[in-house]
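Read through the structure below, which is laid out as structure tokens, and then see the notes.
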There are 2 protein chains.
Amino acid sequence: MKNSKTKYAVLGVISLLGPMSGYDIKMFCDKAISFFWNENFGHLYPVLAQLESNGLICRSDLEEGTRKKSYVITEKGRIELEEWLVGPVEYQPERSELLLKLSFGNQMQGKDIISMLEATKARNQLKFDRLNNIYDQYINNDEAMKKPQYPYWIVTLRYGITSLEASLKWCDDTIEFLNKYNGGK
Amino acid sequence: MKNSKTKYAVLGVISLLGPMSGYDIKMFCDKAISFFWNENFGHLYPVLAQLESNGLICRSDLEEGTRKKSYVITEKGRIELEEWLVGPVEYQPERSELLLKLSFGNQMQGKDIISMLEATKARNQLKFDRLNNIYDQYINNDEAMKKPQYPYWIVTLRYGITSLEASLKWCDDTIEFLNKYNGGK
DNA sequence: ACTTGCATGTAAATCGTTACATGATTAC
DNA sequence: GTAATCATGTAACGATTTACATGCAAGT
């Protein structure tokens with residue numbers, strides 16, 4: 001559990017959104033932050049158990065009688081979370097399957113490259129639209145603005161939107177460039 | 001070896017750049033494509049051995065007497081490479097430590113957020129400058145233009161440049177936004 | 001002599017995904 | 001009644017990273 005960012009994701013989400021179960025955390029990831037963070041049950045539950053046994057989170061008493069196991073963060077957990085928060089953002093080696101394939105483009109047929117780019121564009125357009133919807137609902141929303149995380153969520157949304165925008169433009173430019181290049185030779 | 005993209009990276013690089021050793025492949029990754037693809041020795045060598053035992057690559061006779069083991073792609077390897085190339089680009093769940101931390105920004109001190117963003121900006125500025133240098137040397141270079149991969153490498157470079165540009169702009173905007181927001185409240 | 005770069009590999013650990021297994025509750 | 005959603009977990013597997021280990025060759 002040295003490098004598990006899942007650990008910190010869990011600590012952060014729980015510390016921010018009060019008593020939460022593994023299921024709650026998963027749903028929150030899927031619905032609210034999946035454009036920059038993802039978790040799955042198979043990893044989440046063991047980490048949760050480990051965090052509890054290490055005293056970084058503990059059971060809340062909100063679930064009386066149900067199967068649901070809600071957790072809150074402990075003082076010890078909060079300290080570890082803060083240590084991570086002020087530490088450096090770890091370098092993450094890039095791995096883009098799209099670019100890898102594209103760099104071997106001379107071994108592909110022109111139509112296959114274009115359809116790969118079109119598929120990427122379509123996928124990103126969907127993400128872009130979805131994010132923009134969320135953003136529009138969130139920005140200047142009185143309810144949302146009361147929350148202390150408001151400005152931070154705004155900027156993460158903007159990150160997603162900005163980079164998807166750039167990606168969409170690149171798709172268009174690239175399709176045009178390759179069409180011209182292959183037409184012109 | 002079902003989902004190993006390393007496998008395809010190796011096949012692609014070897015098929016494109018002729019007889020290559022594990023070391024050669026690693027150096028190529030580091031120097032030429034590290035902005036979108038990375039490999040490490042610990043993974044590379046076992047995969048190389050496996051690809052050879054599966055008949056997807058075979059030893060070339062270029063290394064007589066040296067310790068260096070150079071490989072070329074086989075017909076079987078080329079077929080598998082092409083199958084992967086025309087297949088769909090797999091969805092990769094996002095995981096950005098920067099955005100994860102930022103989304104917990106209300107639990108950080110203002111100065112720590114700003115320095116995190118400044119560090120990100122500085123790092124990306126470096127990458128941006130480096131990529132631009134490579135791009136400038138490559139674009140319209142007579143030597144480079146003769147190679148069949150020329151247009152494809154151009155567009156991958158543009159991808160890197162475009163997305164770093166977007167990221168740099170976002171850093172500036174975000175620093176300004178958060179400064180204003182926290183100053184104004 | 002010594003450091004840097006070339007060169008290949010193994011072992012251990014870990015992280016994360018996928019598939020599997022189970023069962024309660026709620027809505028239609 | 002039955003499908004969807006809520007809810008928790010385990011097991012197996014696979015991919016990748018990190019650390020370790022070795023040794024040659026070339027330049028300074």
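Convention: sequence-line order gives letters A, B, ...; per-chain numbering from 1.
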| field | Between D:dT17 (P) and A:Lys5 (NZ): distance, integer Å | value | 11 Å
| said: If you compare every side-chain N and O of B:Asn40 against the phosphate oxygens of D:dT17 (OP1, OP2), does one of them come in below 4.0 Å? | reply: yes
| said: Can you see if the side chain of B:Lys26 gets near the phosphate of C:dC6 - specifically, an N or O under 4.0 Å from OP1 or OP2? | reply: no
| message | Would you say B:Lys68 places a side-chain N or O within less than 4.0 Å of OP1 or OP2 belonging to D:dC24? | response | no
| task | Please report, rounded to the nearest Å, how far the C1' atom of C:dC15 is from the CD atom of B:Glu97. | result | 14 Å
| said: Is a donor from one side chain sitting under 3.5 angstrom from an acceptor on the other, for B:Gln125 and B:Asp129? | reply: yes
| message | Between P on D:dT8 and CE on A:Met20, what's the gap in Å once rounded to a whole number? | response | 11 Å
| task | Taking only the side-chain heavy atoms of A:Tyr45 (C-beta and beyond), determine which of D:dA15, D:dG9, C:dC15 contains the nearest atom. | result | D:dG9
| With sugar-phosphate meaning primed atoms plus P, OP1 and OP2, does A:Gly22 contact a base, only sugar-phosphate, or nothing at under 4.0 Å between heavy atoms? | sugar-phosphate
| request: On DNA chain C, check which nucleotide each of B:Pro93 and B:Phe41 is closest to and give me the residue with the more 5' one. | output: B:Phe41
| Side-chain N or O of A:Ser4 less than 4.0 angstrom from OP1 or OP2 on C:dG16? | yes
| message | Rounded to whole Å, please give me the gap between CG in B:Asn3 and C1' in C:dT18. | response | 10 Å
| query | Under 4.0 Å between a side-chain N or O of A:Tyr23 and OP1 or OP2 of D:dT8? | reply | no
| Plane angle bin for A:Tyr150 and B:Tyr181 - parallel if under 30°, tilted between 30 and 60°, otherwise perpendicular | tilted
| query | Any side-chain heavy-atom pair from A:Arg158 and B:Thr174 closer than 4.5 angstrom? | reply | no
| Short side-chain N/O contact to D:dG9 OP1/OP2 from A:Arg67, under 4.0 Å | no
| Selection from C:dT8, D:dT16, D:dT10 that lies nearest to any side-chain heavy atom of A:Arg95 | D:dT16
| query | Are any of the side-chain heavy atoms of B:Gln50 and B:Lys7 separated by less than 4.5 Å? | reply | no
| said: Set out, in order, the CA-CA distance, both residues' side-chain angles and the distance that settles salt bridge (charged side-chain N to carboxylate O under 4.0 Å, His left out) for A:Asp172 and A:Lys121, then state yes or no. | reply: CA-CA 8 Å; A:Asp172 281 337; A:Lys121 190 187 154 187; 2.9 Å; yes
| field | d(CD, A:Gln92; P, D:dA15) in whole Å | value | 18 Å
| request: Kindly point out which of C:dC15, C:dC6, C:dG9 is positioned nearest to the side chain of B:Met27? | output: C:dC6
| field | side-chain N/O A:Thr6 vs C:dG16 OP1/OP2, d < 4.0 Å | value | yes
| request: May I ask you to verify if any side-chain N or O of B:Ser21 is less than 4.0 angstrom from the OP1 or OP2 atom of C:dT8? | output: yes
| task | Nearest whole angstrom, please: distance from the C1' of C:dG16 to the CG of A:Leu44. | result | 12 Å
| message | I want to confirm an ordering. Mapping B:Asp24 and B:Gly42 to their closest nucleotides on DNA chain C, which one lands closer to the 5' end? | response | B:Asp24
| A:Trp153 and A:Phe28 aromatic ring geometry - parallel, tilted or perpendicular at 30°/60° bounds | tilted
| Tell me: CE of A:Met1 to P of C:dG16, nearest whole Å? | 12 Å
| Atom NE2 of A:His43 and atom P of D:dG14: how far apart are they, to the nearest Å? | 18 Å
